[in-house]
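Taking it in order: structure first as structure tokens, then the write-up.
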Amino acid sequence: MISKETIQNILDHARVEEVVGDFVNLKRAGANLKGNCPFHDEKTPSFVVSPAKNIYKCFGCGAAGDPLKFIMEHEQMNYPEALRYLAKRYQIEVVEDNQPFNEEAKEQQTFKDSLFIAMKFASKYYHDTLLESVEGKAIGLSYFKQRGFSSKTIEDFQLGYAPDGFEVFTKHAQESGYQIDILEKSGLIKVKEGRSPYDFFRGRVMFPIHNLSGKVVAFGGRILSSDVKQAKYINTPETDIYTKGNLVYGIYQAKNDIRKLDACFLVEGYTDVLSLHQAGIHNVVASSGTALTKEQIKLIKRFTQNIILIYDGDKAGIQAALRGVDIMLEEEMDVRVVILPDGEDPDSFVKNRGTDQTLEFIDKNKKDFIFFKADILLKDTNNDPVLKSNAIHQIVETIAIIKDPIRKAYYTRECSKIAQLSEDILIKEVNKTLIKLQRQNKQIREADAVVARELIEFDSPFKEQTPVPTPEKDLHIQEKDVLRILFMHGHRVLPDGKHVATMILDHTHDVPFQNSNFQKIFDQYLKSYDNEVPFEELGDDKHYTDEEVKEFIIGLNISPYQLSPNWESQHNIIVKNMDRLWESDVESTMNRFSYHKILQELKSVDEKIKESSNNDNFEEIIKLLEKKQILQAHKKEVAKKQGTVIF
């Protein structure tokens, strides 16, 4: 087990902006940083990181926490793994307590943990086989050396070799204590009825595929024999830790340079990435010959919005460049295309011309994708009116995807010149396509809404639902606001000498919160209060172990908006500040809470009057009407305090 001193040292050193910044492209927003949330799909950044408070909060999905929690959730790690990850990142030595690692601890390892461990073992095995075995050196290592890859590149990407035998790896893994079930489910071996388990990769050079945190999750294997019956490349089948369409090859090695240079080179193959990386061009990843997916684009978008596609100059390369780019435009990426001369690919080009000439060629020849597509499609029409019409429709469909109206107008005008058509005609076609897309999206939204209505269920106070104008919904908002002032202002002293927390506890002592999650948070506060935690510290998330309470407090301490410091210093405009106006904040919040509690009671009384009327219980009706009269008078009194007009 990791010692308490080491854990504290790790937590003291871990900076949220650095840890999150390894996975999310963050941009300055006042005192905070902002980016697209890595936990849900969003177009407009709502993920806020506060370096001052060392926390993050997403105002879209509610995700919140500190650097350690981010790693646990983003990388699907357990607590010790996340600590070790941060220790490695900050070069902190992990000191273990002198407690033996027992069988019970082994059993607590999750299924995914077991897969990660198996993949790490396989990666080391293939790498060692490449460098140390006779077969590995003679076949695998000689292949990489012939391709011009240095020992450093081989080491950086953990390249390897799978021996040409059906059970070589399987037997070695079993002898090392790995279970057949885990090896099969990690995609490393095959199990078929009637025969012994056998290796999935045989006689191939191996390219480990890493996730963002550097863990091996899959392999690509290239055969070196001339056997036409076997596929040139095979990949690990999809597993619980690997989905082919979610990763791009080389992202772990490239992510920091992509962020630093604010650009990503996208190529097709493993060796293209290796050669460019070896030449010092590190901001490069590969689609590995598959059609690009939305998830892969979103992965790159975490680090930059600028993608430069580099493809071969043959027809297949051009078609590859055309595939999947509409997805990039939907994700509002800035896409450029570079087509290499015939007979060249990124691997050969950089080896023949060197780093400087390669970068110079890319810079001079990168072309805006819309114009590239227009040139390619219109060039093949040979003035045939049908072919030209089809080509223009394809161009129009791509322009229609672009969300920025200024860019859309610019591309429409320029493409009308290329197509030698009236701009008005092209505008009409773009608009027709937009209407068609909107109808399709509307149908999808309506279908989703039907499903949502069937599935919607409130499960957390941090996931806001669409507002519904009912007393219950209003009370939900007021209850949340009471908790806000309890945690934010509970330590302050009112003019009557009471703490704000004491006043709220007195006010709500016998009145349970309607929302069970809010009641749970309130009870946690009350428990800390009863344990004599100082008032000044009751609003600190460090005093709570419950995750919902911690997330609620983090949500109070971080805001999606930043107030410009120039209002007072430069414009002499005094803005409201809760440090100055906390008394009125507390008073108005409690008045609103009381008002909506009365509304709820009035609703309950009306329901009871109706029920008593149906039963001809006139004595009960009179009592209820008297109670209603008292509540209405109280309602008017509270409304007057908060300035609410009652009709």
Side-chain angles (χ1 to χ4, degrees), residues 75-81 84-85 100-136 139-140 157-211 213-225 227 229-247 249 252 270 288:
E75 295 302 294
Q76 298 294 296
M77 291 182 177
N78 58 31
Y79 183 74
E81 283 184 322
R84 293 180 192 281
Y85 173 92
F101 187 71
N102 53 36
E103 288 302 318
E104 185 182 349
K106 282 185 181 179
E107 290 171 4
Q108 289 173 352
Q109 294 292 324
T110 64
F111 176 61
K112 283 187 179 181
D113 294 335
S114 300
L115 296 184
F116 280 123
I117 292 167
M119 297 307 275
K120 183 179 180 181
F121 169 79
S123 179
K124 185 177 186 307
Y125 170 78
Y126 294 137
H127 186 62
D128 289 346
T129 301
L130 176 81
L131 299 178
E132 297 171 8
S133 74
V134 174
E135 182 185 346
I139 301 173
F157 287 84
Q158 296 175 269
L159 303 179
Y161 177 76
D164 191 12
F166 270 87
E167 299 175 0
V168 182
F169 170 76
T170 303
K171 286 182 176 178
H172 178 70
Q174 281 185 285
E175 289 167 2
S176 300
Y178 288 87
Q179 298 174 359
I180 290 294
D181 178 54
I182 294 298
L183 295 172
E184 181 192 10
K185 288 176 179 173
S186 64
L188 293 167
I189 70 169
K190 286 284 186 183
V191 177
K192 289 186 178 179
E193 194 174 345
R195 64 167 297 175
S196 301
Y198 61 95
D199 302 353
F200 180 69
F201 295 101
R202 305 181 303 277
R204 293 175 181 267
V205 286
M206 302 294 287
F207 301 88
I209 298 168
H210 301 80
N211 65 12
S213 61
K215 287 189 173 184
V216 177
V217 294
F219 293 94
R222 186 193 193 282
I223 198 165
L224 300 181
S225 71
D227 186 354
K229 294 180 181 179
Q230 295 194 60
K232 186 176 179 181
Y233 280 96
I234 60 171
N235 277 78
T236 302
E238 294 198 351
T239 67
D240 281 42
I241 60 172
Y242 173 61
T243 303
K244 191 173 185 180
N246 289 357
L247 280 176
Y249 179 71
Y252 170 66
Y270 302 125
S288 303

Any donor-acceptor pair under 3.5 Å linking the side chain of [X] with the backbone of [Y]?
{"X": "E238", "Y": "K244", "answer": "yes"}
{"X": "T239", "Y": "I241", "answer": "yes"}
{"X": "R204", "Y": "K232", "answer": "yes"}

Give me the atom names and distance for the closest heavy-atom approach of [X] to [Y].
{"X": "M77", "Y": "S213", "value": "CE-OG, 4.2 Å"}
{"X": "A118", "Y": "I182", "value": "CB-CG2, 4.0 Å"}
{"X": "F201", "Y": "G187", "value": "CE1-O, 4.4 Å"}
{"X": "R222", "Y": "F207", "value": "CB-CE1, 4.1 Å"}

Heavy-atom check, side chain of [X] versus side chain of [Y], under 4.5 Å:
{"X": "I223", "Y": "Y233", "result": "no"}
{"X": "M119", "Y": "L188", "result": "yes"}
{"X": "F219", "Y": "F200", "result": "no"}
{"X": "F121", "Y": "V216", "result": "no"}
{"X": "N211", "Y": "F116", "result": "yes"}
{"X": "K185", "Y": "D240", "result": "no"}

Does Y242 OH have over 12 foreign heavy atoms under 6.0 Å away?
yes
NE2 of H210 to CG of L247, rounded to nearest 0.5 Å, is 11.0 Å
Reported OH-to-CD1 distance for the pair Y178 and I189, which is rounded to 0.5 angstrom
13.5 Å
Between K215 and E81, does at least one N-O distance fall below 4.0 Å, as a salt bridge requires?
yes
Would you list the atom pairs, donor with acceptor, under 3.5 Å between side chains in residues 122-133 and any protein atom, with sequence neighbours excluded?
| residue | atom | partner | partner atom | Å |
| --- | --- | --- | --- | --- |
| K124 | NZ | D128 | OD2 | 2.7 |
| H127 | ND1 | L159 | O | 2.7 |
| H127 | NE2 | E155 | OE1 | 3.1 |
| T129 | OG1 | Y125 | O | 2.7 |
| S133 | OG | T129 | O | 2.6 |
| S133 | OG | G136 | N | 2.8 |

I would like to know whether T236 and I209 meet side chain to side chain contact (heavy atoms under 4.5 Å, CB included); could you show each step before the answer?
CA-CA 9 Å; T236 302; I209 298 168; over 6 Å; no
Using residues 192-199 as the side-chain source, report each donor-acceptor pair under 3.5 Å to any protein atom, sequence neighbours left out, with the distance given to one decimal.
| residue | atom | partner | partner atom | Å |
| --- | --- | --- | --- | --- |
| D199 | OD1 | T170 | N | 2.9 |
| D199 | OD1 | T170 | OG1 | 2.5 |
| D199 | OD2 | V168 | N | 3.2 |
| D199 | OD2 | F169 | N | 2.8 |

